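These notes concern the structure reproduced below.
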Amino acid sequence: MRKQIVAGNWKMNKTASETESLLTELQGMLPDTHAEVLVAPTFVNLALASRQLEGSAIGVSAQNMHFADSGAFTGEISADMLLAIGVETVILGHSERREHFGEDDALLAKKVQQAVSKGMRIIFCFGELLDQRKAGTHFEVVASQLKQALFDLPEAAWKQLVLAYEPVWAIGTGETATPEQAQEMHAHIRNLVANAYTPAVADAVTILYGGSVKPGNAGDIFSKPDVDGGLIGGASLNAADFTAIVAAI
Ligand code: 13P
């Protein structure tokens, strides 16, 4: 059985005290679940989150990192810095990084490679734009994103990878992919991985859906056979909503 994950991407939200409060609420409200639960606060609050959640059922992820070991990269954060505060998972390739910070597939391939070599787990995000969906090129767009950033990795690296399909038109818009659209794309993704590697690698990789997942739609989306959980934005900032989504898996 594949690992199921519900992860909250807090993006650029929550001060230190707000982070502490939300984590306390989450710890109090978290339902019993077979799924792994993660939160990704902003960099400055990662160390406190990591300390506060030590020994709890909630794990911590970073939202980004740099590809180099260290050096003259003002404003950047390295894998070793994350590992030193107990953060072993990192989100890479989020569409907001691609759109607002110019991260492209070639750069992401370097970041993924670095995270792999540091023994980190990567939640790799990708997905098509609205225009691409309308033009019917979404399957090719996703294939290209995966090929360029991931398919040069050795097979062994796939144990460290989690995929997160996030159609850009569904992020923060209130518009979700239908469960059928999510399933269709997730099956396509699994097929791409099977062709690039082996069916066993494809069968083992966790594929999350992200984009306006809410308590009201999470159960239907998670019920699809190739959807192994969710990457939650807005709804992860509210303890009642996030824990209801966890309960839906
Ligand atoms: P929303 O859930 O706010 O649409 O955000 C999804 C997302 O970008 C998670 O990474």
Side-chain angles (χ1 to χ4, degrees), residues 4-14 18-19 22 26 35-43 45-46 49 58-65 87 89-103 108 111-112 115 120-130 132-133 138 141-142 145-146 149-150 161-179 181-182 185-186 189 206-222 224 227-249:
Q4 292 187 305
I5 300 174
V6 179
N9 176 8
W10 291 7
K11 308 189 181 182
M12 197 174 72
N13 293 292
K14 305 289 177 190
E18 290 166 352
T19 298
L22 179 53
L26 287 176
E36 182 178 347
V37 179
L38 288 166
V39 292
T42 186
F43 281 131
N45 295 322
L46 276 179
I58 305 173
V60 180
S61 170
Q63 299 176 16
N64 180 29
M65 61 168 241
V87 176
T89 301
V90 62
I91 297 170
L92 293 175
H94 195 279
S95 64
E96 288 148 17
R97 301 291 319 167
R98 295 176 190 257
E99 183 187 349
H100 303 302
F101 304 98
E103 296 197 5
L108 292 169
K111 292 188 175 205
V112 169
M120 297 185 73
R121 181 173 55 168
I122 299 118
I123 299 176
F124 185 77
C125 304
F126 53 93
E128 80 282 1
L129 305 169
L130 181 59
Q132 295 165 330
R133 168 68 60 168
H138 44 292
V141 168
V142 162
Q145 288 171 324
L146 293 179
L150 304 183
L161 278 173
V162 171
L163 303 181
Y165 169 59
E166 299 205 311
V168 178
W169 47 272
I171 295 178
T173 57
E175 186 173 350
T176 40
T178 63
Q181 284 172 320
M185 181 58 91
H186 283 222
I189 293 161
T206 296
I207 309 179
L208 309 180
Y209 169 80
S212 297
V213 178
K214 307 288 176 204
N217 59 25
D220 284 344
I221 295 170
F222 295 161
K224 293 296 176 188
V227 178
D228 307 313
L231 184 54
I232 320 301
S236 72
L237 299 171
N238 176 286
D241 286 351
F242 188 62
T243 53
I245 292 169
V246 171
I249 199 163

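Fair warning: this is a prediction, and the values are worked out from it, not measured in the lab. Just follow the structure's listing: the first ligand is 1, and inside any ligand the first atom is 1.
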Closest protein heavy atom to atom 5 (O) of ligand 1, given as residue, atom name and distance to 0.1 Å: Lys11 NZ, 3.2 Å

Donor on one side chain, acceptor on other, Trp169 and Glu128, under 3.5 Å: yes

Atom 6 (C) of ligand 1: nearest protein contact (heavy atom, Å): Gly233 N, 3.7 Å

Sidechain N-carboxylate O distance under 4.0 Å for Arg98, Glu166: no

Atoms of ligand 1 close to Ala170 [distance to a heavy atom under 4.0 angstrom, numbered from 1]: 4 (O)

Ile171 vs Glu99 side-chain heavy atoms within contact, under 4.5 Å: no

Ligand 1 to Lys214 polar contact by distance, N or O atoms, under 3.5 Å: no

Part of Ser236 within contact of ligand 1 (heavy atoms, under 4.0 Å): neither

Side chain proximity check, Asn64 to Glu103, heavy atoms < 4.5 angstrom: yes

Atom indices of ligand 1 within 4.0 angstrom of Gly172 heavy atoms, with elements: 1 (P), 3 (O), 4 (O)

N or O contact, Glu96 vs ligand 1, cut-off under 3.5 Å: no

Side chain, backbone, both or neither: the part of Ile171 lying under 4.0 Å from ligand 1 by heavy atom: both

Glu166 neighbourhood, listing ligand 1 atoms whose heavy-atom distance to it stays under 4.0 Å: 6 (C), 7 (C), 8 (O), 9 (C), 10 (O)

Considering all heavy atoms, the nearest Gly172-Ser212 contact: N-OG, 3.8 Å

Ligand 1 N/O within reach of Gly234 N/O, cut-off under 3.5 Å: yes

Ring geometry between Tyr165 and Phe126 (parallel below 30°, tilted from 30 to 60°, perpendicular above 60°): tilted

Proximal atoms of ligand 1 relative to Gly211 (non-hydrogen, under 4.0 Å): 4 (O), 6 (C)

